[in-house]
Asker: 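Supplied in C-alpha cells, the structure appears directly below.
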Amino acid sequence: MASKTFSKSFFAFYHFIRWRLGNPQGQHDHRRSTSTTPTYAEIIEGCPLASKDDQLRNQVLLLDIEGGLLRSQSFFPYFILVAIEAGSFLRGLILLCLYPLLSCLTQEAQSRVMVMVCFLGLREEEVTRVARVTLPKHFLEDIGKEGLDVVRGFKRVVGFSRMIPRVMVEDFLKEYLGLEMVVGREVKLVRGRYVGLLEVEGEIRLQMDELEGTEMVGFGSSSSYFRHNHNQLFTCCKEVYLVTPEQKKQWSTLPRDQYPRPLIFHDGRLTFRPTPQATLAMFMWLPLSVPLTVLRTLIFVNLPYSISLSIGSASGVTTRVINAPISSNGNANHGALTQPNPRGRLYVCNHRTLLDPVYISVMLNKKVSAVTYSVSRVSELLSPIQTTRLTRNRDEDRRRMEHSLQKGDLVICPEGTTCREPYLLRFSPLFVELIDEVYPVALTNWSNMFYGTSTGRSKYTDHFYYFMNPHPAYVVEFMDRMPTSVVINGRRCESYEVANMVQGEIGRVLGFEPTKLTRKDKYMILAGNEGIVDTKQ
C-alpha cells in the first residue's frame, strides 16, 4: 500500500513539474472549471476495471494504442511491412540498413525517418490495402490480453496513435476492435502519392477537439506518458490509468480463440514478425533461396515421382503422408484402389497452395489431372500434371470435369481458392453430381518465411515463394472414401448437403473450422475484385 501511495504521489508531482516547465504562461492546454481554475487528471497506476464499475463503463475510454494495447515497444516491424508489401524488398533493405542509426535517435525522430523511407512515392491505395489486409494479423499477434480486456470493458472507445500513422492502424482498430474513432498523425499526400512527411503532433489535438466536453478516462503507458508529452493528449480526461513497462512485460499474448473477430483472410508474403533480427536473417537467406527455388522447381517438374520426393527432401522440403494409398514398394495399400473402375477416381481436398494436386499426384505415384480457375499461364506451363481450366459456367464446367474423369483420376479443390488460416471455405457442390463416391484428402502445410499464396498481381510467383522457404512442409492425409448419394431419415440429401458433409469430415481431421465463406468473399475482402487473374501472366 505504501508503494502504491508513493507511486501515485510521484506521478502527480512529475506531471505537475512537466506541465509547469513545458507550458509557458498563457499557453496551457488543460480542462478548465467554471471558476477558470485549471484542473488535472488524476494519475492511477494499473488498468481500469470498467467491467466491475458501471459508472466507469459508461464513460469514454481514450486509449493510447502504443502504450495501452500493443505489447511491443518497437514499431519497426509495422513500418518494414509497409516498406516491403506496399513497396519492394529493396525499400525494406534500405530501412533495415538504417536501423543502427534509428536506434540512436529519439522515438519521434525514428518515426519521421521510417515514414520517409516507407511512404515516399507510394500510392495511397497501396498503403491502405496493406493496412487493411496485411497489418491486422501482426497487430493481433502483438495485442496484450490485459490491454484488450480494458477495451472490452468500455462501451465507447476512442483510440489515438502518436508514433504510428493513422492510415496504418485505423482499419484494424475499427474493424477488429470496434473503436468509435481513431485519431493520429497523417502522412502528407500530393496527387494521390505520399511525400514521406509526417504532420506535426498538434494535428492529433485538433482532431480531438470534437470530443471536448465528453467525460473520458485515459489509459496508456507511464513511459510514453512522461517521455513523449502524451499528458497533453489526456488533458480532457478526469482520470488517467497508466501501466509501467515492468507491468507490460508481464502481459500475455492474445490466444487465437479470443480474437475480437476471427482472422480468416489476410494477405502479404511474410509469415513471421519482421523484427530487425528476423528481417536481417531473411535478407541473408534471399540470395541462397533463388537458386534453391529453381532447383526445387526443376526437381518436381522434370524428375519421376519415385525419386523427386527423396531428392526434394534432401533440399529441405518436408513431406509427410498419412494413410498412404501406395506403399514404399509401389503396391496399393487400399483394396479400393485395386478394384477396376471404368472412370477415374475423384479426389476432393481442401486448398492450401497451387501445389495441392501435385502433392496428391506424388503420393499416388501416378499422373492425375486437376481443375483450375483463373490461374496464371506461368503456373499452368510449369505444372507437372495436366490442368483443366474451369469457366464458372456450371454446365460447361461439369462437362469438362466429366471428360477429365473419363481419362483418369481427377483432383478438385471445391473451395475454389486457398485459405491460410485453420478454416475451410464453402465447398462448391458440383463435384457431388459427377460420380458415386469421392476420396477426401486433408492437406496442411507450413511456411516459415514466405506465404505461397496471394491475391495481388504477382500470383504467378506463388509457388516460387513457397519453395523459397528454408523448410517448407506438407502433410497429406488420405481419408476413407465417401458416397455422394446419402439418405437420412428416408430423405435423399441434396448435393450441397453432401458437400457440407465432406467439408465437415475434412475439417474434423484437420481441426479446421468450416465456414460459409466463398472465393468471391475472400477476393472482395482482400483485393476488391472477384479474383479473376490475367491469364497472360
Asker: Apply the ring-ring contact (aromatic ring centres under 6.0 Å, His included) test between Phe300 and each candidate in Tyr474, Tyr466, Phe467, Tyr305; give the one that qualifies.
Answerer: Phe467
Asker: Does one side chain, of Arg166 or Ser161, offer a donor that lies under 3.5 Å from an acceptor on the other?
Answerer: no
Asker: Are any of the side-chain nitrogens in Arg269 or Glu85 under 4.0 Å away from the carboxylate oxygens of its partner?
Answerer: no
Asker: So, Asp409 side chain and Val368 main chain: donor-acceptor pair closer than 3.5 Å or not?
Answerer: no
Asker: Can you tell me if Asp257 has over 12 outside heavy atoms packed within less than 6.0 Å of its CG?
Answerer: yes
Asker: Can you tell whether the side chains of Asp267 and Arg129 come within less than 4.0 Å, N to carboxylate O?
Answerer: yes
Asker: With no hydrogens and no angle check, do the side chains of Asp142 and Ser72 hold a donor and an acceptor under 3.5 Å apart?
Answerer: no
Asker: Side chains of Thr418 and Lys522: donor-acceptor distance under 3.5 Å anywhere?
Answerer: yes
Asker: Evaluate whether atom NZ of Lys174 has more than 12 neighbouring non-hydrogen atoms of other residues, nucleotides or ligands under 6.0 angstrom away.
Answerer: yes
Asker: Any side-chain to backbone donor/acceptor pair from Thr279 onto Pro274? Under 3.5 Å, distance only.
Answerer: yes
Asker: Taking Phe139 as the fixed residue, which of Tyr259, Tyr176, Tyr78 is the one that meets the ring-ring contact (aromatic ring centres under 6.0 Å, His included) rule?
Answerer: Tyr78
Asker: Within the structure provided, determine whether Asn500 and Pro514 are in side-chain contact (heavy-atom separation under 4.5 Å).
Answerer: no
Asker: Under 4.0 Å between a side-chain nitrogen and a carboxylate oxygen: does that hold for Arg377 and Glu380?
Answerer: yes
Asker: Could you check whether Ser252 and Lys145, counting side-chain N and O atoms only, form a donor-acceptor pair closer than 3.5 Å?
Answerer: no
Asker: Only one of Glu421, Glu141, Glu513 passes salt bridge (charged side-chain N to carboxylate O under 4.0 Å, His left out) with Arg256; say which it is.
Answerer: Glu421
Asker: Is a side-chain donor or acceptor of Ser88 paired with a backbone partner of Arg91 at a separation under 3.5 angstrom?
Answerer: yes
Asker: What residue among Leu292, Leu298, Thr297 forms side-chain contact (heavy atoms from CB on, under 4.5 Å) with Val294?
Answerer: Leu298
Asker: Main chain of Thr461, side chain of Ser458: is a donor-acceptor contact present, judged purely on distance under 3.5 Å?
Answerer: no
Asker: Can Thr484 and Glu437 be counted as having a side-chain donor-acceptor contact under 3.5 angstrom?
Answerer: no
Asker: Regarding Glu433 and Arg394, does a basic nitrogen lie under 4.0 Å from an acidic carboxylate oxygen?
Answerer: yes
Asker: Say whether, by atom type as modelled, one donor and one acceptor occur between the side chain of Glu505 and the main chain of Val502 under 3.5 angstrom.
Answerer: no
Asker: Check whether Arg296 reaches the backbone of Ser315 with its side chain - one donor and one acceptor, N or O, closer than 3.5 Å.
Answerer: yes
Asker: Does Arg400 reach the main-chain N or O of Arg389 with its side chain, forming a donor-acceptor pair under 3.5 Å?
Answerer: yes
Asker: State whether the number of non-hydrogen atoms from other residues, nucleotides or ligands found under 6.0 Å of Arg152 atom CZ is greater than 12.
Answerer: yes
Asker: Under 3.5 Å, is there a donor on one side chain and an acceptor on the other for Thr388 and Ser404?
Answerer: yes
Asker: Any side-chain heavy-atom pair from Ser111 and Leu198 closer than 4.5 angstrom?
Answerer: yes
Asker: Okay, side chain of Arg481, backbone of Tyr439: is any donor-acceptor separation there less than 3.5 Å?
Answerer: no
Asker: Are the side chain of Thr128 and the backbone of Glu124 linked by a donor-acceptor contact shorter than 3.5 Å?
Answerer: yes
Asker: Determine whether the side chains of Arg273 and His138 contain a donor N or O and an acceptor N or O closer than 3.5 Å.
Answerer: no
Asker: Are any of the side-chain nitrogens in Arg426 or Glu415 under 4.0 Å away from the carboxylate oxygens of its partner?
Answerer: no
Asker: Tell me whether Glu126 contacts the main-chain N or O of Gly87 through its side chain, where contact means a donor paired with an acceptor under 3.5 Å.
Answerer: no
Asker: For the residue pair Val348 and Leu346, establish whether any side-chain heavy-atom pair is separated by less than 4.5 Å.
Answerer: yes
Asker: Can we call the ring centroids of His351 and Phe427 under 6.0 Å apart?
Answerer: no
Asker: Counting neighbours of CG on Asn302 that are heavy atoms of other residues, nucleotides or ligands and sit closer than 6.0 Å, is the number greater than 12?
Answerer: yes
Asker: For residues Thr391 and Asp397, is any side-chain donor paired with an opposing acceptor at under 3.5 Å?
Answerer: yes
Asker: Mark yes when over 12 heavy atoms from residues, nucleotides or ligands other than Arg491 sit less than 6.0 Å from its CZ; otherwise mark no.
Answerer: yes
Asker: Identify the heavy atoms of Met163 and Phe79 that sit nearest to each other, and give their distance.
Answerer: O-CZ, 3.8 Å
